[in-house]
2 protein chains.
Amino acid sequence: MTTTGVPSTTPGFSDPDSSSPGFSGPGEPGQLGDSIRRSGLKVTAPRLAVLRALDDSPHTSAERLFALVRIELPGTSLQAVYGVLAAFTSAGLTRRIEPSGSPALYERRVGDNHHHVICSSCAAVRDVDCAVGEAPCLEPNDAAGFVVHAAEVTFWGLCPDCQAATA
Amino acid sequence: MTTTGVPSTTPGFSDPDSSSPGFSGPGEPGQLGDSIRRSGLKVTAPRLAVLRALDDSPHTSAERLFALVRIELPGTSLQAVYGVLAAFTSAGLTRRIEPSGSPALYERRVGDNHHHVICSSCAAVRDVDCAVGEAPCLEPNDAAGFVVHAAEVTFWGLCPDCQAATA
DNA sequence: TGAATTGTTTTGAGGAAATCAAGACAACTG
DNA sequence: CAGTTGTCTTGATTTCCTCAAAACAATTCA
């Protein structure tokens, strides 16, 4: 029951927490539980399930996470997933991105300034460590007097699969 | 799957014209009407009104454009505005951006690869001609095998007014 | 260990943004 | 000026997300 047979498209990133798949009750140790506790949040089954699903499938919508979570935790409500994600995101445990034309996606990779490349055809998402220099675009020539504190870069293109399908 | 929100690469950006405020009927000449006709679209009162409103207020939502249009054209429906914007955007006459936490915004400035800086506090939007080199970030080191054809950059910060209000 | 406290989840309603569909209507063509 | 084609109006619908109240569970403290 470690893996749920989820259509995973997991790229390189993963937490060095591979085991402890089941929820063994309150006081649950394990690295997932610890990271939740460390953020000042209570450890619950829905939260562990969402975090585990996000490890398997980064860049995933609330609705899809809901479907994944329900496989192992059928009683979970969609609103619970939204609640978990809101709590995680405001605690800095997850990051939320909102690509054009897509519902919000969530990822566990936080705290580094990475960006995303999205397939215009199939909406696949991959992480991109931004290229030029160290923080490209973070210093626009003329920001109209704004004090800039973040830059968000989204690349649009064709993923390898869709390139092959087109050719 | 649509490609909604992907930055348009359509050339043909026409300079804003401030004159010809009224709609004088079919066959309406004027620069606004011309640019609509040149895009292969019929010239109608709602379309002229939307285009004019976008000249006055760039980076504006459909709902707000609806309010603006209704001032001079009270019979116009919200769906008409959505229709006009969809037609304009797919014809390359306008560009649609979707900042996180905001409804879609539309602008007439198309065909150049410019970006945006948005105030985290008041949501004000300004154009930014991206800085480093000519097309920064357009060549990520490792795009996971994607063929990248567009890069979208959003800067987040504090606008001059909100800086003053904070100080 | 067991009750108190606090935070989380469930349940149900609701709202904002955008889309779809059918018929009425207006702009361009010849 | 009539025909053709595309646009607009009207109304319903979908998707994504939030709010609120009450049931409930995780942690804390006696």
Side-chain angles (χ1 to χ4, degrees), chain A residues 23-30 32-34 36-51 60-67 69-70 73-91 93 96-106 123, chain B residues 1-2 4-5 23-29 33-34 36-51 60-67 69-70 73-91 93 96-106 123:
Chain A
F23 179 65
S24 2
E28 151 92 14
L32 289 178
D34 284 348
I36 295 175
R37 232 183 309 268
R38 253 183 268 113
S39 299
L41 299 170
K42 288 184 177 170
V43 178
T44 67
R47 287 179 173 178
L48 287 169
V50 166
L51 216 46
T60 305
S61 68
E63 202 84 35
R64 194 160 143 57
L65 285 169
F66 171 58
V69 164
R70 288 209 107 173
L73 219 58
T76 314
S77 70
L78 175 60
Q79 285 76 354
V81 174
Y82 274 110
V84 167
L85 291 169
F88 281 179
T89 300
S90 88
L93 214 56
R96 173 189 170 127
I97 62 174
E98 295 183 45
S100 297
S102 151
L105 306 178
Y106 297 84
Chain B
M1 165 65 59
T2 58
T4 310
F23 178 64
S24 358
E28 152 92 14
D34 284 348
I36 294 174
R37 232 183 310 268
R38 254 183 265 115
S39 299
L41 299 169
K42 288 183 178 173
V43 178
T44 67
R47 289 180 172 178
L48 286 169
V50 167
L51 217 47
T60 304
S61 69
E63 203 84 35
R64 196 162 142 58
L65 285 169
F66 171 59
V69 163
R70 287 209 108 172
L73 220 58
T76 313
S77 69
L78 175 59
Q79 284 77 355
V81 173
Y82 274 109
V84 166
L85 291 169
F88 281 0
T89 301
S90 87
L93 213 57
R96 172 188 171 130
I97 63 174
E98 294 183 45
S100 296
S102 150
L105 306 179
Y106 297 84

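Lettering follows sequence order; numbering is per chain, from 1.
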(request) Could you tell me, to 10°, how much the axis swings from one end of the helix from C:dT1-D:dA30 to C:dG30-D:dC1 to the other, five pairs per end? (result) 30°
Close side-chain approach of [X] to [Y], heavy-atom, < 4.5 Å:
| X | Y | result |
| --- | --- | --- |
| B:Leu48 | B:Thr44 | no |
| B:Arg37 | B:Lys42 | no |
| A:Phe88 | A:Ile36 | yes |
| B:Thr60 | B:Leu105 | no |
| A:Leu73 | A:Pro46 | yes |

(request) Using the test side chain to side chain donor-acceptor pair (under 3.5 Å), find all partners of A:Ser90 that sit at least two apart in sequence or belong to another chain. (result) none
(message) My understanding is that only residues two or more places apart in sequence, or in another chain, count here; which of them pass side chain to side chain donor-acceptor pair (under 3.5 Å) with A:Glu98?
(response) A:Arg96
(message) Holding to side-chain contact (heavy atoms from CB on, under 4.5 Å), I want the full list of residues that pass it with B:Ala86, two or more places apart in sequence or in another chain.
(response) none
Taking atom [atom2] of [N] as reference, at what distance in whole Å does atom [atom1] of [X] sit?
| X | N | atom1 | atom2 | value |
| --- | --- | --- | --- | --- |
| A:Phe66 | C:dT9 | CZ | P | 13 Å |
| B:Glu98 | C:dT19 | CD | C1' | 13 Å |
| B:Ile36 | D:dG6 | CD1 | C1' | 14 Å |
| A:Glu63 | D:dT14 | CD | C1' | 12 Å |
| B:Leu78 | D:dG11 | CG | P | 14 Å |
| B:Arg64 | C:dA17 | CZ | C1' | 17 Å |
| B:Leu48 | C:dA27 | CG | P | 11 Å |

(request) Spell out, as yes or no, whether a donor-acceptor pair under 3.5 Å connects the side chain of A:Arg70 to the backbone of A:Gly75. (result) no
Pairs under 3.5 angstrom, nitrogen or oxygen only, protein versus nucleotides 5-7 of chain C, please.
| from | atom 1 | to | atom 2 | distance (Å) |
| --- | --- | --- | --- | --- |
| C:dT6 | O2 | A:Lys42 | NZ | 2.8 |
| C:dG7 | O4' | A:Lys42 | NZ | 3.0 |

(request) Select one nucleotide: of D:dT9, D:dC17, C:dA18, the one nearest the side-chain heavy atoms of A:Pro103. (result) D:dC17
(request) Please list, by residue number, the residues of residues 79-88 of chain B whose heavy atoms come closer than 4.0 Å to an atom of DNA chain D; answer none if no residue qualifies. (result) B:Gln79, B:Ala80, B:Val84
Would you say [X] places a side-chain N or O within less than 4.0 Å of OP1 or OP2 belonging to [N]?
| X | N | answer |
| --- | --- | --- |
| A:Arg37 | D:dT27 | yes |
| A:Ser61 | D:dC16 | no |
| A:Thr44 | C:dT9 | yes |

(request) Measure the CG-CZ distance between A:Leu85 and A:Arg47 for me, rounded to the nearest 0.5 Å. (result) 10.5 Å
(message) Rounded at 0.5 Å granularity, tell me how far CG in B:Leu51 sits from OH in B:Tyr106.
(response) 14.0 Å
